[in-house]
2 protein chains.
Amino acid sequence: MTDDDHDHQEDLPRLGEIGLANYAPYLMNRIMGRYNSALRDEMAKLGLTTPKMRALAVLSVIDGPLIRELAVYIVAEQSTLSRALDQLDADGLVRRETDAGDSRATRVFLTDAGRAVFDTLWPHMVESFSRMFRGIPDDERRAFVGTLQKMLANIRKHEI
Amino acid sequence: MTDDDHDHQEDLPRLGEIGLANYAPYLMNRIMGRYNSALRDEMAKLGLTTPKMRALAVLSVIDGPLIRELAVYIVAEQSTLSRALDQLDADGLVRRETDAGDSRATRVFLTDAGRAVFDTLWPHMVESFSRMFRGIPDDERRAFVGTLQKMLANIRKHEI
DNA sequence: CAGAATTAAATGCATTTGCAAATATCTTCG
DNA sequence: CGAAGATATTTGCAAATGCATTTAATTCTG
C-alpha cells in the first residue's frame with residue numbers, strides 16, 4: 001500500500017494548476033450556496049428549511065412518491081427527510097399515507113396548504129434562478145442544462 | 001411572450017411546466033450532492049468534514065487568506081469555519097496567524113501536514129470530477145465552465 | 001482626539017444533520 | 001410453511017450547523 005499510494009498521484013494536474021475559477025465543482029458549490037442562501041430568508045419566514053422547501057418543490061411536480069424516492073430527489077438522507085416530513089405533516093403542508101400494496105412504505109402528498117406555501121416561495125426561486133442566468137443567451141442556457149443532464153446521468157446511483 | 005410588465009405570480013411558469021429535469025438549480029443540487037457524498041467516505045477516513053476539506057482545498061491554492069475571505073471561498077458561515085479551523089489547527093493541518101497590519105484579523109496557512117492530507121484526498125476529488133464529465137467533449141466542458149463563471153459573476157456578493 | 005459606528009473572529013445555544021441501530025413488513029427459498 | 005435475508009421508515013445519539021451575541025480592534029466623525 002506504500003508505493004502504490006505515492007505513484008497514484010504523480011501525473012494528476014494539481015488544483016492550483018487548474019485554478020479554482022476553472023474547477024467546475026468549486027464554481028457549482030459557490031453558485032448553489034448563494035442560490036440557497038438567497039432563499040433562506042424567505043424560507044425562514046415560512047418556517048422552512050432547505051430540505052423542507054425542496055420536498056415541497058418536488059411534491060408540487062410529483063404526486064405521492066415513496067419517501068425513499070423523495071429522498072433521492074431532494075438529495076437528503078432518509079432520516080433527515082423523515083424528520084422534515086414530521087414537521088411538514090404537523091404544519092399540515094403534506095400528508096403521509098401508507099402505500100396500498102406495501103404497508104412498510106409511505107407515500108407523500110402535498111396538501112392545499114402545502115401548495116399554497118410553495119406558491120408563495122416559487123416567485124423567489126424564479127427570481128434567484130433568473131438572476132443566475134442574467135445576460136446568458138437562450139442557446140447557451142439550453143446547452144448548459146443539456147450538459148447538466150449528461151452529468152447527472154453519469155453520476156447518479158438511482159434511476160430517478 | 002405577452003408584455004413586459006412587472007412579475008406577478010400568474011405570469012410565472014410553474015415548476016411542473018419547466019420540469020424538474022430542466023430546472024438548473026435542481027440538477028446542480030443533485031450533482032453536487034453526489035459529488036460531495038462520493039467524497040464523504042474518504043474525508044471521514046481522514047477525519048475531515050466538507051468545510052474542513054474545502055478549507056484545505058482552497059488553502060492549497062491561496063496562501064494566507066483572511067478567515068472571512070476563506071469563508072466566502074468555501075461557502076460556509078464564518079462561525080462554521082472558525083470551528084473547522086479550531087479542529088484543523090488542533091490536528092496540525094493549518095496554522096492561524098494574526099495579520100500584521102490589523103490585529104483583529106487572522107490569516108490562515110496550510111502546514112506541510114495539511115498539504116499532505118489534501119494530496120491524499122485530491123486524487124479522489126479528481127476521480128469524482130472526471131466521472132461527472134465522462135463522455136462530455138472538451139469544447140462542451142469549456143463552454144460549461146464558461147457559463148458557470150458568468151453565473152458566479154452574476155450572483156456573487158463578494159468580489160472574490 | 002473621544003465616542004460612535006464598523007469590522008474580524010470566536011462563542012453560546014438551539015436546531016439540524018448523519019450515521020447506526022431499531023422496528024416493522026415483505027420476499028425468498030429450503 | 002417458516003426462518004433468513006431484504007427493504008422502508010423511524011429513532012437514538014453525537015456531531016455539525018446557523019443565528020445571534022460577545023469580545024477585541026479599527027475606522028469614521030464631529
Side-chain angles (χ1 to χ4, degrees), chain A residues 29 33-34 36-45 47-55 64-91 94-108 157-160, chain B residues 29 33-34 36-55 64-91 94-109 157-160:
Chain A
N29 271 323
R34 191 141 298 290
N36 289 323
S37 82
L39 291 173
R40 198 157 294 155
D41 282 351
E42 280 306 318
M43 295 191 316
K45 276 189 216 163
L48 299 175
T49 58
T50 298
K52 287 163 78 176
M53 175 271 280
R54 288 187 190 168
L66 297 176
I67 289 180
R68 68 177 164 77
E69 293 170 345
L70 189 53
V72 173
Y73 285 115
I74 75 172
V75 195
E77 288 289 315
Q78 225 170 58
S79 59
T80 300
L81 176 57
S82 177
R83 281 181 264 242
L85 291 175
D86 287 345
Q87 295 181 19
L88 291 170
D89 202 338
D91 292 344
V94 305
R95 187 167 40 82
R96 279 185 280 203
E97 232 173 70
T98 301
D99 183 68
D102 184 344
S103 61
R104 290 170 303 181
T106 304
R107 296 194 173 275
V108 190
K157 279 184 173 170
H158 310 85
E159 282 311 317
I160 54 179
Chain B
N29 272 323
R34 190 141 300 287
N36 289 323
S37 82
L39 292 174
R40 199 157 295 154
D41 282 351
E42 278 307 318
M43 295 191 315
K45 276 189 216 164
L46 298 167
L48 299 175
T49 58
T50 298
K52 286 163 79 176
M53 174 271 282
R54 289 187 188 166
L66 297 175
I67 288 180
R68 69 179 164 76
E69 293 169 346
L70 188 53
V72 173
Y73 285 115
I74 75 172
V75 195
E77 289 289 315
Q78 221 171 63
S79 58
T80 300
L81 176 57
S82 177
R83 280 180 265 242
L85 292 175
D86 288 344
Q87 296 181 19
L88 291 170
D89 201 337
D91 292 344
V94 305
R95 187 166 40 82
R96 279 184 280 201
E97 230 173 73
T98 301
D99 182 69
D102 184 343
S103 60
R104 290 170 305 181
T106 305
R107 295 194 174 275
V108 190
F109 301 86
K157 279 182 172 170
H158 310 85
E159 283 310 315
I160 53 179

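We name chains A, B, ... by the order of the sequence lines, and we start the count at 1 in each one. All values below were derived from every heavy atom in this structure, side-chain atoms included, with hydrogens, water molecules and symmetry-related copies excluded.
- Place T106(A) and D41(A) on DNA chain D by their nearest nucleotides, and T106(A) ends up nearer the 5' end.
- Phosphate proximity of dT15(C) to Q87(A): absent, as no side-chain N or O sits under 4.0 Å from OP1 or OP2.
- Taking side-chain N and O atoms only, R104(A) has no distance below 4.0 Å to OP1 or OP2 of dT27(C).
- Applying the salt bridge (charged side-chain N to carboxylate O under 4.0 Å, His left out) criterion to D102(A), with sequence neighbours excluded, gives R104(A).
- Atom CG of D102(A) is separated from atom P of dT28(C) by 12 Å (rounded to the nearest Å).
- Taking a cutoff of 4.0 Å between a charged side-chain nitrogen and a carboxylate oxygen, R95(B) and E97(B) qualify as a salt bridge.
- For the pair L88(A)/L48(A), a side-chain contact is recorded, criterion being any heavy-atom separation below 4.5 Å from C-beta on.
- Within the 3.5 Å criterion, the main-chain N or O of G47(B) finds a donor-acceptor partner in the side chain of K52(B).
- In this structure, the side chains of D99(A) and T106(A) stay at 4.5 Å or more apart for every pair of heavy atoms.
- Put simply, the side chain of E69(B) gets close to the backbone of L66(B): a donor and an acceptor are under 3.5 Å apart.
- Between G101(A) and R96(B), the residue whose closest nucleotide on DNA chain C is further toward the 5' end is R96(B).
- Here the P atom of nucleotide dT16(C) and the NZ atom of K52(A) are 7 Å apart, to the nearest Å.
- Two residues are said to be in side-chain contact when any heavy atoms from C-beta on lie closer than 4.5 Å; I67(A) and R107(A) fail this criterion.
- A salt bridge between R96(A) and D86(A) is present, with a side-chain N of the basic residue lying under 4.0 Å from a carboxylate O of the acidic one.
- Side-chain contact between N29(B) and I74(A) is absent, with no heavy atoms from C-beta onward closer than 4.5 Å.
- Protein chain A contacts DNA chain D from dA6(D) to dC19(D), reading 5' to 3' and using non-hydrogen atoms of the protein with a distance under 4.0 Å.
- With a 4.5 Å cut-off on side-chain heavy atoms, M43(B) and T50(B) count as touching.
- DNA chain C is contacted by Q78(B), S79(B), S82(B), R83(B) of residues 74-86 of chain B, taking any non-hydrogen atom closer than 4.0 Å.
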Output a table of nitrogen or oxygen pairs between the protein and nucleotides 1-5 of chain C separated by less than 3.5 Å.
none

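- No engagement by R107(A) is indicated, since no non-hydrogen atom pair under 4.0 Å with the nucleic acid exists.
- Judged by distance alone, with hydrogens and angles left aside, the side-chain atoms of Q87(A) form no donor-acceptor pair with the main-chain N or O of A84(A) at under 3.5 Å.
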Each base of DNA chain D marked ( ) or [ ] if paired in-strand (Watson-Crick or G-U under 3.5 Å), | if paired to another strand and . if unpaired gives ||||||||||||||||||||||||||||||
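- The salt bridge (charged side-chain N to carboxylate O under 4.0 Å, His left out) search around E77(A) returns none, not counting sequence neighbours.
- Of the listed residues (N36(B), L70(B), L81(B)), just one forms a side-chain contact (heavy atoms from CB on, under 4.5 Å) with R54(B), and that residue is N36(B).
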